[in-house]
A.B. asks: 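Pasting in a structure now, in structure tokens, and then I'll have a few things to ask.
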Amino acid sequence: MFVPLGKEDVNLRDYNLLLPAISVGNVGQLAIDLIISTLNIPKVGYFYTDCLLPMVGNNPYATNQENAKELCTNAEVYALPSHKLAVLQLRSIVIKKKLKTICQALISWIKRSAFSKVILLSSCHAYQRDDTQLLGTPFRYLITPVFQKFTADVLRELGWKEMEKVSTYPGMNDNEKRLSIPGGGFTKALYED
């Protein structure tokens, strides 16, 4: 559930949402930190959920004595109206057996807020790549069928590769394929939901 900082309601309709998956190497979280600090995006609220381990710490984006006293929590929302960009930073792990619940909470908030696009930054273990994935760039993307027709051509022009499906039963039946994101946290669950 989104909780705004002040008493004013925060309207994020038609914003693009960036959020990290809590995944191997914290790649998504580190990228989100870089985006927030580089663009100096102000905090507008919190994402309250009992699905993440409780956590509190110092302001990671402190630039002076005054804002150095601010605290950060496990799930915070930042917004940059000039770019129609909202960013959710997650700073702690999902509690065991709460994976489905957090995916449902995120999807509910995404729908309620009417975000234009949602971009999930994630990572996965490199050791399970197949031969085709070893060639070229290690970066892959997944795109939902709704946005396939709008952005697939642009992504291909950029030279990006779509995440390949892997054999469900390698060596026995290579016709049956599935999406595999080992170490990707809730990436696959959120994508499929």
Side-chain angles (χ1 to χ4, degrees), residues 1-57 59-61 70-124 141-151 163 179 181 183-193:
M1 171 175 70
F2 174 67
V3 179
L5 272 181
K7 294 183 180 184
E8 294 179 27
D9 191 31
V10 178
N11 183 3
L12 300 172
R13 175 177 288 283
D14 295 326
Y15 275 52
N16 292 321
L17 173 66
L18 291 175
L19 72 150
I22 301 153
S23 54
V24 66
N26 301 329
V27 174
Q29 293 163 296
L30 292 169
I32 293 292
D33 275 336
L34 186 61
I35 291 165
I36 292 169
S37 63
T38 301
L39 297 176
N40 198 24
I41 304 176
K43 186 182 341 178
V44 295
Y46 303 94
F47 186 79
Y48 175 76
T49 177
D50 65 350
C51 299
L52 299 172
L53 282 178
M55 171 261 143
V56 68
N59 180 1
Y61 314 116
E70 293 175 10
L71 295 177
C72 75
T73 63
N74 59 2
E76 296 179 325
V77 180
Y78 298 80
L80 191 60
S82 62
H83 289 74
K84 291 283 224 180
L85 178 65
V87 180
L88 171 62
Q89 178 58 300
L90 303 174
R91 293 193 177 91
S92 69
I93 63 172
V94 177
I95 295 172
K96 274 189 175 188
K97 299 186 181 180
K98 294 270 189 169
L99 182 74
K100 199 74 168 159
T101 307
I102 194 160
C103 287
Q104 291 168 346
L106 285 168
I107 289 169
S108 175
W109 177 56
I110 288 165
K111 287 180 179 178
R112 211 172 32 257
S113 297
F115 288 110
S116 174
K117 294 180 189 83
V118 178
I119 300 163
L120 177 68
L121 302 177
S122 186
S123 58
C124 65
Y141 71 87
L142 285 174
I143 189 166
T144 57
V146 173
F147 287 106
Q148 187 80 31
K149 58 185 169 190
F150 301 115
T151 57
M163 183 78 168
L179 185 61
I181 309 173
F186 60 68
T187 303
K188 183 178 174 185
L190 191 64
Y191 174 78
E192 289 176 344
D193 284 352

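All values below come from the heavy atoms of this structure, side chains included, with hydrogens, waters and symmetry mates left out. All of these numbers come straight from a predicted model, not from anything done at the bench.
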A.B. asks: Would a distance-only check, ignoring hydrogens and angles, find a side-chain to backbone donor-acceptor pair under 3.5 Å from Ser113 to Leu12?
C.D. replies: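 No, the answer is negative, given that no donor and acceptor are paired below the 3.5 Å cut-off.
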A.B. asks: Would Leu17 and Trp109 count as a side-chain contact (heavy atoms from CB on, under 4.5 Å) here? Give the steps.
C.D. replies: CA-CA 11 Å; Leu17 173 66; Trp109 177 56; 3.8 Å; yes
A.B. asks: Hey, what do you get for CG (Leu120) to OG1 (Thr144), rounding to the nearest 0.5 Å?
C.D. replies: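 Going from the CG atom of Leu120 to the OG1 atom of Thr144 covers 11.5 Å.
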A.B. asks: Of the non-hydrogen atoms in Val10 and Pro4, which two are nearest, and what is the gap between them?
C.D. replies: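 Answer, listing the atom of Val10 first, then Pro4: CG2-CB, 3.9 Å.
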A.B. asks: Taking the side chain as everything from C-beta on, heavy atoms only, tell me whether Asn11 gets closer than 4.5 Å to Asp9.
C.D. replies: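 Side-chain contact under 4.5 Å: no.
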A.B. asks: I want to check something: taking the side chain as every heavy atom from C-beta on, are Leu39 and Val87 in contact at a cut-off of under 4.5 Å?
C.D. replies: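 Counting from C-beta outward, Leu39 and Val87 never come under 4.5 Å.
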A.B. asks: Go through the steps to decide whether Ile181 and Tyr191 satisfy the test side-chain contact (heavy atoms from CB on, under 4.5 Å), and finish with yes or no.
C.D. replies: CA-CA 11 Å; Ile181 309 173; Tyr191 174 78; over 6 Å; no
A.B. asks: With rounding to the nearest 0.5 Å, note down the distance linking CD1 in Ile107 to CG in Asp193.
C.D. replies: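 Taking CD1 in Ile107 and CG in Asp193, the distance rounds to 4.0 Å.
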A.B. asks: Looking at side-chain heavy atoms only, is the closest gap between Met1 and Ser108 below 4.5 Å?
C.D. replies: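 No, every pair of side-chain atoms sits at 4.5 Å or beyond.
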A.B. asks: Return the CG to CG distance between Asn59 and Leu71, rounded to the nearest 0.5 Å.
C.D. replies: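 Output value for this atom pair is 8.5 Å.
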A.B. asks: Any side-chain to backbone donor/acceptor pair from Ser23 onto Ser123? Under 3.5 Å, distance only.
C.D. replies: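 Looks like yes, one N/O pair under 3.5 Å.
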A.B. asks: Say you draw a straight line from CZ of Phe115 to CG of Leu18; how long is it, rounded to the nearest 0.5 Å?
C.D. replies: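 Those atoms lie 10.0 Å apart.
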A.B. asks: Using modelled atom types only, decide if a donor and an acceptor are shared between the side chain of Gln89 and the backbone of Gln29 within a distance under 3.5 Å.
C.D. replies: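 Yes; at least one donor-acceptor contact below 3.5 Å.
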A.B. asks: If you apply the rule side-chain contact (heavy atoms from CB on, under 4.5 Å), what do you find for Cys51 with Ile95, and how did you get there?
C.D. replies: CA-CA 6 Å; Cys51 299; Ile95 295 172; 5.8 Å; no
A.B. asks: If you look at every heavy atom in Leu88 and Val77, which pair is closest and at what distance?
C.D. replies: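 Nearest pair, atom of Leu88 first, then Val77: CD1-CG2, 3.9 Å.
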A.B. asks: If you look at every heavy atom in Phe147 and Ser116, which pair is closest and at what distance?
C.D. replies: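 Taking every non-hydrogen atom into account, CZ-O, 3.3 Å.
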A.B. asks: Just say parallel, tilted or perpendicular for the rings of Tyr78 and Tyr61, cut-offs at 30° and 60°.
C.D. replies: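 Tyr78 and Tyr61: perpendicular rings.
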A.B. asks: Go through the steps to decide whether Leu34 and Leu30 satisfy the test side-chain contact (heavy atoms from CB on, under 4.5 Å), and finish with yes or no.
C.D. replies: CA-CA 6 Å; Leu34 186 61; Leu30 292 169; over 6 Å; no
A.B. asks: Drop me the distance from Arg91's CZ to Thr73's OG1, to the nearest 0.5 angstrom.
C.D. replies: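 Between atom CZ of Arg91 and atom OG1 of Thr73 there are 7.0 Å.
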A.B. asks: I'd like to know if the side chain of Tyr15 reaches the main chain of Ala114, judged simply by a donor and an acceptor atom lying under 3.5 Å from each other, with no hydrogens or angles considered.
C.D. replies: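 Such a contact is absent between Tyr15 side chain and Ala114 backbone.
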A.B. asks: Find out whether Phe186 and Leu90 are in side-chain contact, i.e. whether some heavy atom of one side chain is under 4.5 Å from a heavy atom of the other.
C.D. replies: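 Heavy-atom side-chain distance check passes, below 4.5 Å.
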A.B. asks: Would you say Lys188's side chain and Leu179's backbone share a donor-acceptor pair under 3.5 angstrom?
C.D. replies: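 Looks like yes, one N/O pair under 3.5 Å.
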A.B. asks: Other residues, nucleotides and ligands only: do more than 12 of their heavy atoms fall within 6.0 Å of OH on Tyr48?
C.D. replies: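 Result for OH/Tyr48: open.
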A.B. asks: Please report the closest heavy-atom contact between Ile143 and Gln148, naming both atoms and the distance.
C.D. replies: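 For Ile143 versus Gln148, the nearest heavy atoms are CG2-OE1, 2.9 Å.
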A.B. asks: If you look at every heavy atom in Ala75 and Leu52, which pair is closest and at what distance?
C.D. replies: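 Smallest interatomic distance, heavy atoms only, reads CB-CD1, 3.9 Å.
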A.B. asks: Give, for atom CD1 of Ile93 and atom CG of Asn26, the distance between the pair rounded to the nearest 0.5 Å.
C.D. replies: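 Ile93 atom CD1 to Asn26 atom CG measures 10.5 Å (nearest 0.5 Å).
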A.B. asks: Would you name the heavy atoms of Ala189 and Cys103 that are closest together and state the gap between them?
C.D. replies: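 Looks like CB-SG, 3.8 Å.
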A.B. asks: Are any of the side-chain heavy atoms of Phe47 and Asn74 separated by less than 4.5 Å?
C.D. replies: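 Side chain of Phe47 against side chain of Asn74, heavy atoms only: no contact under 4.5 Å found.
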